[in-house]
K.L.:
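Here's a structure for you.
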Amino acid sequence: MLSGVFSLLSALLLITLDAVDVAFTEAAVGAGISIVLMLSTLTLTSRREKKSKNSNLIPLVIVTLTGLVLIYGTLDMPNFGAADTPSQIHVAREYIKRTPEDIHIPNIVTAILGSYRGYDTLGETAVIFTAGIGVLLILGRLSLRPRRRTKKIEKVL
Amino acid sequence: MKHHLILRVITKLLVGPIMLFAFYVQFHGDYSPGGGFQAGVIMAVGIIIYGIVFDMEHAKKVLPAWFVHKMLAFGVLLYTFTGVISFFRGKNFLDYSALSPHSAIHGQHYGILIIELGVGITVSGVMIAIYYAFGSRTSEINDAEW
């Protein structure tokens with residue numbers, strides 16, 4: 001519930017940042033599908049959590065350390081909205097300049113994702129495919145038309 | 001959810017426009033925000049909402065599970081083969097200019113349209129397949145308990 005509200009709010013935030021593509025995805029995936037999956041997972045498990053015997057101290061230390069490392073990593077990043085960030089001065093200009101000549105479609109995001117970075121998008125699609133196959137394998141729902149197959153086996157027998 | 005009349009009526013009204021919007025986002029991605037991924041997710045949401053409010057069995061009549069499993073692979077294959085066609089035309093992998101013999105820009109348009117379709121098919125397939133996989137394991141909750 002709360003994560004759904006959070007997703008919708010961050011979708012609004014992304015719209016104000018002019019990233020409508022991402023806002024779409026956030027609203028549909030974050031506020032829509034992930035909650036459905038979360039709820040259907042909850043119905044599969046039991047109601048009460050098992051009490052763990054291990055102490056909570058080690059996970060807390062690990063999480064804090066990881067957080068500190070991540071924050072340390074952000075120290076090197078350029079300031080928010082700075083004009084001289086690498087993403088602003090390096091290839092982005094080139095994309096904006098060349099998309100009308102090379103591909104001639106108004107939506108530069110689609111041009112970059114589909115054409116200039118076609119390899120990336122192919123990889124992403126493969127990742128999504130792999131994730132889906134993984135879930136299906138774990139849950140054991142990849143049986144292809146089981147009825148027909150058993151019929152065939154019966155015929156062979 | 002047989003006794004939730006309002007939900008059922010609203011869902012019936014919404015599923016059509018959701019699908020239409022998904023196709024709009026899919027095929028209009030060159031001109032407006034959106035593309036294959038977004039369209040696939042929206043399409044999956046349409047099917048999932050139908051499956052939740054009516055029954056999953058009804059949703060499976062529209063899109064059977066074996067068909068969804070084929071969709072997963074078909075999208076990736078469509079994308080890859082679009083790239084492979086460029087090989088045979090003497091260009092680099094995924095260079096869509098090879099797709100149209102007359103103009104490189106038209107080739108780019110076709111290429112982007114086809115690969116976005118591939119992405120959309122895979123994404124919607126994955127989302128629906130995961131939903132089916134989770135949902136059909138659920139021990140049926142009694143309708144009155146809601």
K.L.:
If only atom types and distance count, is the side chain of A:Thr110 paired as donor or acceptor with the main-chain N or O of B:Gly29 below 3.5 Å?
P.N.:
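Flag set: sc A:Thr110 to bb B:Gly29 pair under 3.5 Å.
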K.L.:
Is it true that, when you exclude A:Leu75 itself, more than 12 heavy atoms of the residues, nucleotides or ligands shown sit nearer than 6.0 Å to its CG?
P.N.:
yes
K.L.:
Do B:Met43 and B:Ile114 share a hydrophobic cluster (ILVMFWY, side-chain heavy atoms under 4.5 Å, transitive)?
P.N.:
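In one cluster: yes.
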K.L.:
Can you check whether anything in residues 83-100 of chain B gets within less than 4.5 Å of chain A, heavy-atom wise, and list it by number?
P.N.:
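From residues 83-100 of chain B, the residues near chain A are B:Phe93, B:Leu94, B:Tyr96.
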K.L.:
Dump the intermediate steps for side chain to side chain contact (heavy atoms under 4.5 Å, CB included) on B:Phe37 and A:Leu113, then the final yes or no.
P.N.:
CA-CA 11 Å; B:Phe37 188 84; A:Leu113 285 182; over 6 Å; no
K.L.:
Would you mind checking which part of B:Ser32 comes under 4.5 Å of any heavy atom in chain A, side chain (CB onward), backbone (N, CA, C, O), both or neither?
P.N.:
backbone
K.L.:
Looking at A:Ile105, A:Ile128, A:Leu122, which has the largest count of heavy-atom pairs under 4.5 Å with chain B?
P.N.:
A:Leu122
K.L.:
Can you say whether B:Ala104 sits under 4.5 Å from chain A via the side chain, the backbone, both, or neither, judging by heavy atoms?
P.N.:
neither
K.L.:
In terms of heavy-atom pairs under 4.5 Å, which option from B:Gly36, B:Gly75, B:Ala73 contacts chain A the most?
P.N.:
B:Ala73
K.L.:
Do other residues, nucleotides or ligands put more than 12 heavy atoms under 6.0 Å from the CZ atom of B:Phe74?
P.N.:
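At most 12 heavy atoms, drawn from other residues, nucleotides or ligands, come within 6.0 Å of this atom.
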K.L.:
With a 4.5 angstrom heavy-atom cut-off, which part of B:Ile112 approaches chain A: side chain, backbone, both or neither?
P.N.:
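It is the side chain, since no backbone atom gets that close.
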K.L.:
Are the side chain of B:Gln38 and the backbone N or O of A:Asp21 linked by a donor-acceptor pair below 3.5 Å?
P.N.:
yes
K.L.:
Once rounded to the nearest 0.5 Å, what's the spacing between atom OG1 of A:Thr125 and atom CD1 of B:Ile121?
P.N.:
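Answer rounded to 0.5 Å: 11.5 Å.
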K.L.:
Side chain, backbone, both or neither: which part of B:Ala65 has a heavy atom under 4.5 Å from chain A?
P.N.:
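Neither part.
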K.L.:
Restricting to non-hydrogen atoms, name the atom on B:Ile115 and the atom on A:Gly114 that form the minimum distance, rounded to 0.1 Å.
P.N.:
CD1-CA, 3.6 Å
K.L.:
What pair of heavy atoms forms the shortest contact from B:Val45 to A:Ala28, and how long is it?
P.N.:
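Result for this residue pair: CG2-O, 4.1 Å.
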K.L.:
To check you understand the geometry: which heavy-atom pair defines the closest contact between A:Ile103 and B:Ile105, and what is its length?
P.N.:
O-CG2, 3.5 Å
K.L.:
Shorter than 4.5 Å, heavy atoms on both sides: which option in A:Ser115, A:Ala27, A:Gly32 has the most such pairs with chain B?
P.N.:
A:Ser115
K.L.:
Measure distances from B:Tyr31 to the heavy atoms of chain A and classify the residue's part below 4.5 Å as side chain, backbone, both or neither.
P.N.:
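Contact with chain A: backbone and side chain both.
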K.L.:
According to a 4.5 Å side-chain heavy-atom criterion applied to Ile, Leu, Val, Met, Phe, Trp and Tyr, with indirect links allowed, do B:Ile18 and B:Leu7 form part of one hydrophobic cluster?
P.N.:
no
K.L.:
Looking at B:His109 and A:His104, would you say the former's side chain and the latter's main chain have a donor-acceptor pair under 3.5 Å?
P.N.:
yes
K.L.:
If two hydrophobic side chains count as joined below 4.5 Å and joins carry through other members, does B:Ile10 share a cluster with A:Ile35?
P.N.:
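Unlinked, B:Ile10 and A:Ile35 end up in two clusters.
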K.L.:
Using non-hydrogen atoms and a 4.5 Å limit, figure out which bit of A:Glu101 sits close to chain B: side chain, backbone, both or neither.
P.N.:
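Only the backbone of A:Glu101 comes within 4.5 Å of chain B.
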K.L.:
Name the option with the most non-hydrogen atom pairs under 4.5 Å to chain B; the candidates are A:Gly118, A:Gly132, A:Ala19.
P.N.:
A:Gly118
K.L.:
With a 4.5 angstrom heavy-atom cut-off, is it the side chain or the backbone of B:Phe21 that approaches chain A, or both, or neither?
P.N.:
side chain
K.L.:
Determine, stepwise, if the pair A:Leu136 / B:Leu72 fulfils side chain to side chain contact (heavy atoms under 4.5 Å, CB included).
P.N.:
CA-CA 11 Å; A:Leu136 290 179; B:Leu72 301 188; 3.8 Å; yes
K.L.:
Contact part of A:Val29 toward chain B, heavy-atom cut-off under 4.5 Å: side chain, backbone, both or neither?
P.N.:
both
K.L.:
Between atom CZ of B:Phe134 and atom OG1 of A:Thr41, what is the distance when rounded to the nearest 0.5 Å?
P.N.:
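Going from CZ on B:Phe134 over to OG1 on A:Thr41, the span is 4.0 Å.
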K.L.:
Same hydrophobic cluster for B:Met127 and B:Met56, using side-chain heavy-atom links shorter than 4.5 Å among ILVMFWY?
P.N.:
yes
K.L.:
Looking at chain A, which one of B:Ile52, B:Thr122, B:Val126, B:Asp30 has the largest number of heavy-atom pairs inside 4.5 Å, strictly under?
P.N.:
B:Asp30
K.L.:
Could you report the tightest heavy-atom contact between A:Asn107 and B:Gly34, atom names first, then the distance?
P.N.:
ND2-O, 4.2 Å
K.L.:
Is it possible for you to say whether A:Leu39 and B:Val53 belong to one hydrophobic cluster, with membership spreading through side-chain heavy-atom contacts below 4.5 Å?
P.N.:
no
K.L.:
Is it true that, when you exclude A:Leu42 itself, more than 12 heavy atoms of the residues, nucleotides or ligands shown sit nearer than 6.0 Å to its CG?
P.N.:
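Yes, because the 6.0 Å sphere around CG of A:Leu42 holds more than 12 heavy atoms from other groups.
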K.L.:
Is B:Ile49 close to chain A through its backbone or its side chain, or both, or neither, when contacts mean heavy atoms under 4.5 Å?
P.N.:
neither
K.L.:
When you measure from the side chain of B:Tyr79 to the backbone N and O of A:Gly123, does any donor-acceptor pair fall under 3.5 Å?
P.N.:
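Between the backbone of A:Gly123 and the side chain of B:Tyr79 there is no qualifying donor-acceptor contact (under 3.5 Å).
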K.L.:
If you count every heavy atom of other residues, nucleotides or ligands that lies below 6.0 Å from A:Ile58 atom CD1, does the total exceed 12?
P.N.:
no
K.L.:
Supply the atom-to-atom distance A:Leu37 CG to B:Ile48 CD1, rounded to the nearest 0.5 angstrom.
P.N.:
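Answer rounded to 0.5 Å: 6.5 Å.
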K.L.:
Identify which of A:Val20, A:Ile33, A:Ile108 forms the greatest number of heavy-atom pairs closer than 4.5 Å to chain B.
P.N.:
A:Ile33
